[in-house]
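Presented below is the structure to which this report refers.
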Number of protein chains: 2
Amino acid sequence: MKEAEAEWLKTYEPRAYPPVGVTVDLVILTIRDKELHVLLIERGEPPFKGEWALPGGFVQPDEDLAEAAARELKEETGLKQTDLDRVYLDQLKTFGKPGRDPRPLRVFTVAYLAFAPQVPEPVAGTDAKNAAWMSLAATRNMKLAFDHAEILAEGVERARNKLEYSSLATSFVGPEFTISELRNVYEVVWGEQLHPGNFHRKVVSVDGYVEETGRTTERGGERGGPRARLYRWGGATQLHPALLRPSETT
Amino acid sequence: MKEAEAEWLKTYEPRAYPPVGVTVDLVILTIRDKELHVLLIERGEPPFKGEWALPGGFVQPDEDLAEAAARELKEETGLKQTDLDRVYLDQLKTFGKPGRDPRPLRVFTVAYLAFAPQVPEPVAGTDAKNAAWMSLAATRNMKLAFDHAEILAEGVERARNKLEYSSLATSFVGPEFTISELRNVYEVVWGEQLHPGNFHRKVVSVDGYVEETGRTTERGGERGGPRARLYRWGGATQLHPALLRPSETT
DNA sequence: CAAATAGTGTCTATAAGACAATATTTC
DNA sequence: GAAATATTGTCTTATAGACACTATTTG
């Protein structure tokens, strides 16, 4: 049997298969000015030259999918390693409808979803391409390249669900955060107001979600209010019990 | 710009890319004799000739991924269309580690997860290949082809989670079922006993999960007990509130 | 001081889980 | 009749959400 496989390998002809390509595309979400934003790239090359698209590119021959996604994340966001360590990055879904890429090569794309903390820099593009954080509201009036509008919608939907059962809301804030900042993540991603008092009690009661640092913010809120206690992530990945969306419960 | 893209298309050279291939592989789960089973195929061709693998194959040029998965499901299970309509089939995850396929073609596989109702036939293979429902316990002592053991584990894990928040347990039973049969699905997939009384009340209380047919089984249980009422799926896809695994709640 | 916000207290409705009870049915 | 099972009842505890209250801080 070993000989049979070796024999078969010799006669194998790669070009018998119609050519296909595999890319990774990233839905990188962050929160800026109390709005959900996504990182978009203005394409410098055809196809869709000049249009906005999700960052991404071909998977290199020696790379696993997750490696390719991590590489793209690093290249496109220009985040420092310390920040990158705290970024959530996980596979979202794969898209491969014939014709989704106009090139004479059928391209499948494995979409990844990432949650980034607030980044001060407006985003550094690696090459001549233009990169920008776009608010989700803004993207709804744009036509994105390829099927990226569909991928983006899928990513946002996944993000909304992730917040319920996981502690990933902490990926959107800094290493130390107040309960209000965490609540803001939920409110922005879910697009609904939460009850501050109940949210506060809930978060601190879920085992392992957050732990106190023992310190507080330097100042109160912009328009008044006491200083808030600072928390850090408590190590739990899954929330028990979950933090369910109010609008889904009905 | 239109001219620029047309120009670029002409100069484009597909063979500049190293050759890659894309397959779909299916984790098809069903319940037989109070055990979770998966459909496996004994490979008739290299690579891994003679070893057991998940059913699957190359995505055809004109096919979308979901279409390819549905085609493979139909071909490999030999299920009738009426049964196929009730099978759950959804994308699981994509795998593409370099070297996962020994051929001189890099193969990415998009794994799909399917839940099938009890099928009387032992499974009809389309060609010379041997196909069989294997219990999960049995697969743990086997070496599966490619990285299919990893894919299978991922599928089982996803199945366990799906039961909590969705009504997909009904995909494992016939169009009409008793609460006990449904409970059996949960017990087998989760691998733990559930309280019959509490489970019963819970299931009938979740809005839209099941609805009564007004009829009962013809006979009681094998070893006694009254006839059970027959239910059908009530139309809800998400469960509110969810049916959480006892062992996860602690 | 007025307004805003952090954090806590309290009460109610709902849900989960333990346990028991009753009615049917099979061998 | 004995054992098994479907279904319902009851009680306790945990949780979610509504609402109110106090303390602290900013302009």
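In what follows, chains are A, B, ... by sequence order, proteins preceding strands, each numbered from 1. Every heavy atom of this structure was used, including side-chain atoms; hydrogens, water molecules and symmetry mates were not.
- Put simply, B:Arg229 has a side-chain N or O that comes within less than 4.0 Å of OP1 or OP2 on D:dT7.
- Figure legend: B:Lys93 and B:Phe95 shown as a cation-pi pair, the cationic atom lying under 6.0 angstrom from the six-membered ring centre and within 45 degrees of its axis.
- For B:Tyr186 and B:Phe199, the ring centers sit closer than 6.0 Å to each other.
- Here A:Arg227 does not reach the OP1 or OP2 of D:dT24: none of its side-chain N or O atoms lies under 4.0 Å away.
- Using a cut-off of 4.0 Å between Lys/Arg side-chain N and Asp/Glu carboxylate O, A:Arg229 and A:Glu212 are scored as salt-bridged.
- Taken residue by residue, residues 198-225 of chain A places heavy atoms nearer than 4.0 Å to DNA chain C at A:His200, A:Arg201, A:Arg223, A:Gly224, A:Gly225.
- Of the residues in residues 174-190 of chain A, A:Ser180, A:Arg183 come within less than 4.0 Å of DNA chain C through at least one heavy atom, sorted by number.
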| task | Could you walk me through whether B:His240 and B:Asp207 pass side-chain hydrogen bond (donor to acceptor under 3.5 Å, both in side chains), step by step? | result | CA-CA 7 Å; B:His240 293 300; B:Asp207 204 56; over 6 Å; no
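- The separation between A:Glu192 atom CD and D:dG17 atom P is 10 Å, rounded to whole Å.
- Nearest to the side-chain atoms of B:Pro241 among the listed nucleotides D:dA23, C:dA16, D:dA16 stands C:dA16.
- The OH atom of B:Tyr231 lies 13.0 Å from the OH atom of B:Tyr209; values are rounded to the nearest 0.5 Å.
- Across the protein-nucleic acid pair, A:Leu244 atom CG and C:dT14 atom P stand 16 Å apart, rounded to whole Å.
- Side chains of A:Thr30 and A:Trp133: a donor-acceptor N/O pair is absent below 3.5 angstrom, by distance only.
- A salt bridge links B:Arg183 with B:Glu187: the distance from a Lys NZ or Arg NE/NH1/NH2 to an Asp or Glu carboxylate oxygen falls below 4.0 Å.
- Rounded to whole Å, the distance from NE2 on A:His195 to P on D:dA20 is 10 Å.
- In this structure, A:Leu194 places its CG atom 15 Å from P of C:dT5, rounding to the nearest Å.
- Annotation: ring-ring contact (aromatic ring centres under 6.0 Å, His included) contacts of A:Tyr88 (sequence neighbours excluded): A:Phe115.
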